[in-house]
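Predicted model only: the values in this text are computed from it and were never measured. Residue numbering restarts at 1 for every chain, and letters A, B, ... go by the order of the sequence lines.
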Amino acid sequence: MLSAKWVRDNLDAVKEGLKKRGMQINLDRFLSLDSQRRQLIQEFDELRHQQNVYSKKIGKLRQEKGNPQEIIEEMKKVSAKIAEFEEKKREYDEETRNFLLNLPNRCHPDVPEGDANAEVRRWGEPPQFDFCPRDHEEIGESLGILDFKRAAKMTGRGFVLYKGLGARLERALINFMLDLHISRGYEEILPPFMTNYAATQGTGQLPKFRDDLYRCEKEDYYLVPTAEVPVTNLYREEILDEEDLPLSYVAYTPCFRREAGAYGKKIQGIIRQHQFNKVELVKFTTPETSYGELEKLTLEAEEVLKRLELPYRVVKLCGQELGFAAAFGYDIEVWLPSQERFLEISTCSNFEDYQARRASIKFRAKANKSTHYLHTLNGSGLAIGRTVVAILENFQNRDGRILIPEVLHSYMQGEKWIEKP
RNA sequence: GGAGGGGUGUCCGAAUUGGCAAGGAGCCGGUCUUGAAAACCGGUGAAAGGCAGUAAUGCCCGUCUGGGUUCGAGUCCCAGCCCCUCCGCCA
């Protein structure tokens with residue numbers, strides 16, 4: 001979140017960000033609340049000061065065998081007043097906190113105006129077919145590697161079951177991506193797949209996006225919607241050394257999302273599921289280096305598509321598409337032959353200090369040992385299910401077989417084709 | 001799931017019947033030394049926050065977390081979290 005002080009001092013930037021995001025939030029209400037709150041704090045602190053001074057006097061008097069009864073009577077009144085103020089202060093603090101938790105991050109000046117993303121670059125050529133390309137759902141079912149009906153039977157709508165070479169392809173992709181990122185300097189994390197309330201609030205999913213999460217009621221634990229949540233919370237409430245930054249992590253987790261109210265052709269098959277696999281990249285950096293690191297992280301995610309020989313493009317996210325907690329971000333979109341469009345397969349974001357402030361993650365500066373919030377970044381590298389979609393569609397043959405990308409052969413015990421058994 | 005023990009700074013660790021949160025290690029500087037270590041001297045250290053102020057600074061908060069009792073809580077009471085030991089269950 002942003003701090004009350006920052007919002008107060010940077011009203012124009014906050015307004016600009018809200019405008020780009022197309023959001024309406026009443027800042028005047030916040031401002032009057034904030035000034036009332038500060039007035040209250042001053043009076044409250046003054047009373048506390050009085051209490052501290054006189055309490056010491058009472059202690060001293062008692063040691064000298066004097067009678068402090070008169071002061072005690074007087075201080076009872078002060079104490080009662082403090083209790084009153086405390087109640088009010090709690091209300092103000094709560095209201096301020098609620099406001100700030102529901103305020104999105106600011107927008108970086110480079111975030112495009114309007115409601116359209118801006119294309120930055122393209123790689124590869126969409127494949128030309130001398131037949132009508134089928135969509136992944138049809139391909140998957142006809143090859144017997146995807147089973148939606150039986151997944152619905154054991155769980156419900158929005159789940160899928162991978163079989164045989166389909167399951168092996170999914171698993172191969174997870175390992176291929178992890179190995180690639182590890183070889184390029186990322187450290188692997190295998191985190192818990194559930195997080196507690198504080199952690200889930202730290203990255204911005206709570207309280208605003210409560211309805212998008214699966215919750216274990218008894219423990220108040222949340223199934224992770226992305227590895228970003230546990231991995232960013234690695235250092236919650238910690239102070240790191242500047243020399244140790246940037247830190248780069250890669251983590252595989254399944255992701256669980258309720259996705260309430262999403263239907264339609266665009267998200268058919270395994271494009272949007274309640275459970276999907278993802279390999280995620282997370283970085284902790286200093287404020288000075290975060291945008292440079294975002295470029296590197298994005299290229300890292302692109303590298304996966306290059307090696308899989310899948311055509312894609314990169315777009316700069318406009319304010320309305322930008323995540324709630326992000327200040328700036330790119331989408332990587334892979335070519336989808338059946339729909340003749342690009343499909344989002346990775347979002348790479350710089351959260352600046354928004355998550356760090358929520359989760360209280362700081363670093364100690366080398367120069368003067370002062371502490372500052374660090375910057376957090378993340379990006380999918382990549383969403384596994386959608387990568388399967390892209391492979392099935394882009395590498396399909398007239399005869400219904402699927403050519404497995406060469407880099408995956410060693411991960412699939414030499415299999416080169418997915419075909420009907 | 002049950003029983004017991006514990007949580008104070010970067011680390012170790014005190015604080016009596018409730019009354020200014022010891023001491024040590026470390027860190028920084030110095031003396032000594034060819035250089036270092038050791039020793040000695042001095043300094044520093046209770047996070048992070050918050051409020052006021054141009055600032056120096058002042059004040060509030062702050063002993064795992066949240067409540068409560070009290071003029072006053074590290075200390076007393078209640079609830080919770082985490083760690084350790086033992087018992088039960090268990091892939």
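Between K89(A) atom NZ and G49(B) atom P there is a gap of 16 Å when expressed in whole angstrom units. Straight-line distance from the CG atom of L100(A) to the P atom of G49(B): 17 Å, rounded to whole Å. Between the CG atom of L40(A) and the C1' atom of C60(B) there is a distance of 13 Å, rounded to whole Å. When the P atom of G72(B) is taken as reference, atom CZ of R48(A) falls 9 Å away, rounded to whole Å. Here the C1' atom of nucleotide A73(B) and the CG atom of N52(A) are 12 Å apart, to the nearest Å. One interatomic measurement links the two molecules: CD1 of I239(A) to C1' of C11(B), which rounds to 16 Å at whole-angstrom precision. As a whole-Å value, the separation of D45(A) CG from G53(B) P is 14 Å. Computed from coordinates, the Q42(A) CD to G58(B) C1' distance equals 12 Å when rounded to whole Å.
Nucleotide U69(B) is matched to nothing when pairs are restricted to Watson-Crick or G-U wobble geometry with both distances under 3.5 angstrom. Checking C89(B) for Watson-Crick or G-U wobble geometry (two distances, each under 3.5 Å) identifies no partner in any strand. Using N1 to N3 plus N6-O4 or O6-N4 for Watson-Crick, or N1-O2 and O6-N3 for G-U wobble, each under 3.5 Å, G43(B) pairs with C27(B). Pair assignment for G4(B): C84(B), on the basis of Watson-Crick or G-U wobble contacts that are both within less than 3.5 Å. Checking G49(B) for Watson-Crick or G-U wobble geometry (two distances, each under 3.5 Å) identifies C60(B) as its partner.
Between C60(B) and H49(A), a contact under 4.0 Å exists linking OP1 or OP2 to a side-chain N or O.
Both the sub-6.0 Å distance and the 45° axial angle are not jointly satisfied by K89(A) relative to the ring of F85(A).
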Test ring pair (Phe, Tyr, Trp, His ring centres under 6.0 Å) on Y291(A) and H108(A); report intermediate values, then the result. CA-CA 10 Å; Y291(A) 278 94; H108(A) 188 278; 4.6 Å; yes
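Side-chain rings of Y186(A) and Y249(A) stay apart, their centers remaining 6.0 Å or farther from each other.
Contact annotation for R8(A): backbone-only contact, meaning every heavy-atom pair under 4.0 Å involves sugar-phosphate atoms and none involves a base.
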Going 5' to 3' through nucleotides 63-71 of chain B and flagging B where a protein heavy-atom sits under 4.0 Å of the base, S where only the sugar-phosphate is that close, and - otherwise, we get --------B
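For R37(A) and D34(A), the salt-bridge test passes: some basic side-chain N is under 4.0 Å from an acidic carboxylate O. With salt bridges taken as basic N to acidic carboxylate O contacts below 4.0 Å, none links E91(A) and K88(A).
Judged by distance alone, with hydrogens and angles left aside, the side-chain atoms of N10(A) form no donor-acceptor pair with the main-chain N or O of A13(A) at under 3.5 Å. At distances below 3.5 Å, not a single donor-acceptor pair connects side-chain atoms of N277(A) with backbone N or O atoms of I384(A).
Heavy-atom distances to RNA chain B give each of K362(A) and Y221(A) a nearest nucleotide, and the one nearer the 5′ end belongs to K362(A).
When each of A52(B), C20(B), G50(B) is scored by its nearest atom to the side-chain atoms of R38(A), the top-ranked nucleotide is A52(B).
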